[in-house]
Every structure is written in C-alpha cells, then in structure tokens.
Protein chains: 2
Amino acid sequence: MDAEHVGLREIKKQMTRDAIATAALKLTEQKGLNEVTVDEIAREAFVSPRTVSNYFASKEEAVLAAGDLGIEEVLEEFNSRPSEDPPLKALCELLSDYAREHPEHLRGASKMARLEQLNPTLRPFRIAREIEMVEVLSARVAARTGTNVTTDLYPSMVASAAMSALITSLAIWSCKELPDESLPSLIQDAFNMITAGYPLDRESPDPARTPV
Amino acid sequence: MDAEHVGLREIKKQMTRDAIATAALKLTEQKGLNEVTVDEIAREAFVSPRTVSNYFASKEEAVLAAGDLGIEEVLEEFNSRPSEDPPLKALCELLSDYAREHPEHLRGASKMARLEQLNPTLRPFRIAREIEMVEVLSARVAARTGTNVTTDLYPSMVASAAMSALITSLAIWSCKELPDESLPSLIQDAFNMITAGYPLDRESPDPARTPV
DNA sequence: AAGATACTTGCAGATCCTGCAAAGTGCTGT
DNA sequence: ACAGCACTTTGCAGGATCTGCAAGTATCTT
C-alpha cells in the first residue's frame, strides 16, 4: 500500500462527508439550525440518517465541518518548517501570508460568524475546535523552544495570544467590511500589539489601535 | 418592593438550583457523566425530571454550575472600580488578590479540570462560558479606555490575554500541585509575560519561564 | 475470483428536550 | 385574613437524537 495511493474507498468517504456537511450548511442557512433535522440533512445528502451519525456526532459538527478554514494546514506548516525564528514572528508571517493567499477561506469564516450569531447552538462546538487548535499549537511551540507545556507559562500563552490575534483580526475585518488586501496587515498589527506588550498598559499613552 | 427584600420564592429557587447542580456533580464524580441520566439527577435532588430541564438545558450545564468559581464577581469588581490604572495592571491585581483570598474556589477549579478530562462532553460548555466572560471583559476594557470592541484590536486582545493568563496559571499550578501561596505570584508572572511582550519572541534570549 | 475488510443501512431501545395544562405555593392589596 | 394573581412544579405526550447490533453492499488484497 503506497502512501501515494488513495483508494476509491477513501475518495467516496470524503465525498459523502462533504455532501453531508454541505447539506447541513445549506439547510441551516435556509431555515436555521433549530428547524433542521438529521433526517432532512440525510435526505439532502442522499444518505441514510444513520450514516449522518456515523460521520458527525451532531448537526452542529456537520455544519462546522462545512465552514472549515484551512487553518490546520497552516499549523501543519508551522510544524514542518523548523525555523529559528521566535514562534510569534513565525506565526505572524504564516498567518498573514495565508490571509493574503487564501482570501476565499476567510470570507467563508466571516460567513460562518454570521451563521453562528443566528444559531447559538453552534458556538460551543466552534469554540471547542478553536481551543483544540490552541492546544496543538501550544505543544508545537513548546517543542520548538524547549519549554514545557505543563510547567511553563510560555507555550500556552503564546499559542493563545496568536489565536486571539487571528480571531480578533478576522472579527474586525469582517465587521468593518474591509477589503481583502487589508487583512494581512491587520493581522500583523495584532501580532505587533502582542510583542509590544499592549502599549496602553505600559508607558505609551497612545494605543496601537485602528481608527474608525 | 425593596431591592433588599429577597422573597421566600427566590430563596427556594436558588436552593433547588443548587440541589440539582450538586446532585449532578456528585453523580458525575461517582460514575462519569455518560452513565448519569437526568432522571437520576432529579431523584438525587428530590425534584421531578421536568424541573431539572427547567433549570438547566443539559446535564453538562448542571455539572458546570456546581463548579462555578466566583470569577464573575471579580469582573464585577473590575467594572465597579473605575481606576485610572491600565486594564492589564488592574486585572493582574484583582486576579492575584482573588487567588490569595479565595483559594477554596481555585481548588474547586482544578477539581473541575480533572473532571473535565474524564468527561469530555463538558468541554464545549465550559469553554463557552469562558468566552462569554472574555466578551464581557472586552466590553468593559473598551469602556475604560475609550476604545471600541468592534473596530479596535485592543480591548478584545487584552481581555483574551488576561483570561489566558488566569487559565494557564491555574493549569500549571494545579498540575505541579503547588501550594496555595504560590498562585498569586504565578498569576503575576503570567501578566508580566504579557506586558513584557513575550520575551522569547523579542530580544531577550531567556524566557520568563518557571523552572521545573 | 474469492476472502477479508470497511462502509451503509434499518431497526430497536434509551435518553433527551419541549410544549402544554393542571395542581401547588408564595405574593400582594384590601 | 383572604381572595386573586403570579410564579413554580409536575406529569404527560410527542418529536428528535444517539448508539449498538446485524445484515447487506461495496471495496480492497492476494
């Protein structure tokens, strides 16, 4: 069995997974998640209700799977590129590059944000996924810097700060309806605020804030 | 109707709420949340199953309600004490003072952390609560500093960083089984790392890390 | 081609959650 | 005190979710 070789089985599996997720997302956009039943999603995706449960533990997870950014890939890259740069610098570059090169994904993210406001049931699950990523990231930061996740403050706090920079940037960018091009620099601003130690809380009277 | 006057009704309501939450926590500690049914919780708390649903939307929320720290109160104090100090400084003081004065609550927190590892269903709900607090905090930071939650990076990032400092400190303190007295200074270390701009990511080669 | 393996499906049972209406309990004004 | 009001508890019914299990179907390996 080659590592290259992807069987028909794998392909079909991915296809039904996508079909279910897409169906869930579509129906949710139409009627709101509360009005959508698993049976409906199943019908829309041309599978049995039982199969839906085989792929997702709940409606919510199905919807979220559809709105998935490729952030996992970014973390993957962070992992596989063992540069000597300090973690926050590397992450800043990776994320702002990603924002520059894949604006589609990020448009999708802001769509999901709106969907989440309309369907609060989604929140806990989305956030749980976010936290999982932070934990993965913490471990990698620790590995890179020779620190220890369970005993040092550093790795967890860096991971959390980086995620916060990304999420906050996205929220502001989406809320202000800024053009795609401005997102990368907004992300850089956020990271700068982190490494600058949150100027408003130090000597400088003027915060690094983006004016309205 | 005085603002002071608390009717018998209110008292009873709070009591049944506590009874249900306590019952949920107790049973979960005994058998694991998966093996606990709402009916059981109801029996343990001497109420009908329907009443359990009246108070909590799910078993998970009932369990979490039992392990509630008094962090809301701390935020309350942050709100009601309009000092001129920068937010991160004020929060650092408030939280480390709180850790010094109410170690019981924080012991409870680390118990809940263990419970959460054993019962992963709890995670999404706990985290969702955390995020809610971050959002409240963001709003207050914004109000204090004259910034805007929806257009400025500053308030959300500060709130998130502060929560991260608290959570990470608690995790490490709990994991290392440190004495109660050391928690406040650990929290201060975490806040120092924030305002110092995460030393490892700047010029200093030596991170502000706590050695094993 | 044939056996092993993995995916899909239907069904049954347990549980959860909600609306509704009836009964119980605390509250308020006279 | 007591009558009327408001809120809470409760049981019941119905719809929905989730899981294990067993049978059927498709894919993979040799």
Side-chain angles (χ1 to χ4, degrees), chain A residues 1-24 27-28 30-65 119-125 128, chain B residues 1-24 27-28 30-65 119-125 128:
Chain A
M1 202 215 296
D2 297 0
E4 276 307 306
H5 181 260
V6 273
L8 182 51
R9 214 175 245 170
E10 275 307 308
I11 295 173
K12 279 196 168 180
K13 222 166 103 175
Q14 198 52 52
M15 280 178 58
T16 58
R17 187 186 178 81
D18 279 6
I20 295 170
T22 307
L27 290 172
T28 302
Q30 285 176 4
K31 328 194 296 180
L33 187 50
N34 287 342
E35 310 306 316
V36 179
T37 69
V38 172
D39 290 36
E40 247 175 321
I41 297 175
R43 239 176 290 129
E44 179 83 20
F46 300 101
V47 295
S48 74
R50 188 63 182 82
T51 298
V52 174
S53 291
N54 284 340
Y55 280 89
F56 300 102
S58 61
K59 300 188 279 188
E60 285 79 9
E61 299 205 353
V63 176
L64 288 187
N119 305 281
T121 335
L122 290 175
R123 289 201 77 196
F125 296 90
Chain B
M1 199 215 297
D2 298 0
E4 276 307 306
H5 182 260
V6 272
L8 182 50
R9 218 177 241 171
E10 277 307 308
I11 294 174
K12 278 196 170 181
K13 223 165 103 173
Q14 198 52 50
M15 279 177 60
T16 58
R17 189 186 175 80
D18 279 5
I20 295 170
T22 307
L27 290 172
T28 301
Q30 285 177 4
K31 328 193 296 181
L33 188 50
N34 287 342
E35 310 306 315
V36 178
T37 69
V38 173
D39 289 37
E40 246 174 323
I41 298 174
R43 239 175 292 131
E44 179 82 20
F46 300 102
V47 295
S48 76
R50 188 63 182 85
T51 299
V52 174
S53 291
N54 283 340
Y55 279 89
F56 300 102
S58 62
K59 300 187 280 186
E60 285 79 8
E61 298 205 353
V63 176
L64 289 186
N119 305 281
T121 335
L122 289 174
R123 289 202 78 196
F125 296 90

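For the numbers below, each heavy atom of this structure counts, side chains included, while hydrogens, waters and symmetry mates do not. The sequence lines fix the lettering, A, B, ..., with proteins before strands; numbering per chain opens at 1. All figures in this text were calculated on a predicted structure; none of them were measured in a lab.
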Scan [X] against the nucleic acid and name what it touches under 4.0 Å (heavy atoms): base, sugar-phosphate only, or nothing.
X: B:V52; answer: nothing
X: A:S53; answer: base
X: A:F56; answer: nothing

Separation of A:I41 CD1 from A:T22 OG1 (nearest 0.5 Å):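 Answer for the OG1-CD1 pair, A:T22 versus A:I41, is 11.5 Å.
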Interatomic distance where [atom1] belongs to [X] and [atom2] belongs to [N] [whole Å]:
X: A:M15; N: C:dT8; atom1: CE; atom2: C1'; result: 15 Å
X: B:N34; N: C:dT15; atom1: CG; atom2: P; result: 12 Å
X: B:Q14; N: D:dC7; atom1: CD; atom2: P; result: 18 Å

Heavy-atom side-chain contact between B:L33 and B:V63 under 4.5 Å: yes
OP1 or OP2 of [N] versus the side-chain N and O atoms of [X]: is any pair under 4.0 Å?
X: A:K13; N: C:dC7; result: yes
X: B:T51; N: D:dT9; result: no
X: B:Y55; N: D:dT9; result: yes
X: A:S48; N: C:dT8; result: no

Residues which pass side chain to side chain contact (heavy atoms under 4.5 Å, CB included) with A:R50, listed by chain and number, not counting sequence neighbours: A:S48, A:S53, A:N54
Kindly give the atom pairs (protein nitrogen or oxygen, nucleotide nitrogen or oxygen) under 3.5 Å for nucleotides 25-28 of chain D.
residue	atom	partner	partner atom	Å
D:dA26	O3'	A:K12	NZ	3.4
D:dT27	OP1	A:K12	NZ	2.5
D:dT27	O3'	A:R9	N	3.3
D:dT27	O2	A:R9	NH2	2.5
D:dC28	OP1	A:L8	N	2.4
D:dC28	OP1	A:R9	N	2.8

DNA chain D: 5'-proximal contact among B:N54 and A:V38 (nearest heavy atom):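 Mapping each residue to its closest nucleotide by heavy atoms, the 5'-most match is B:N54.
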Per A:R50 side chain, nearest of listed nucleotides D:dT17, C:dC17, C:dC11: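 It is C:dC11.
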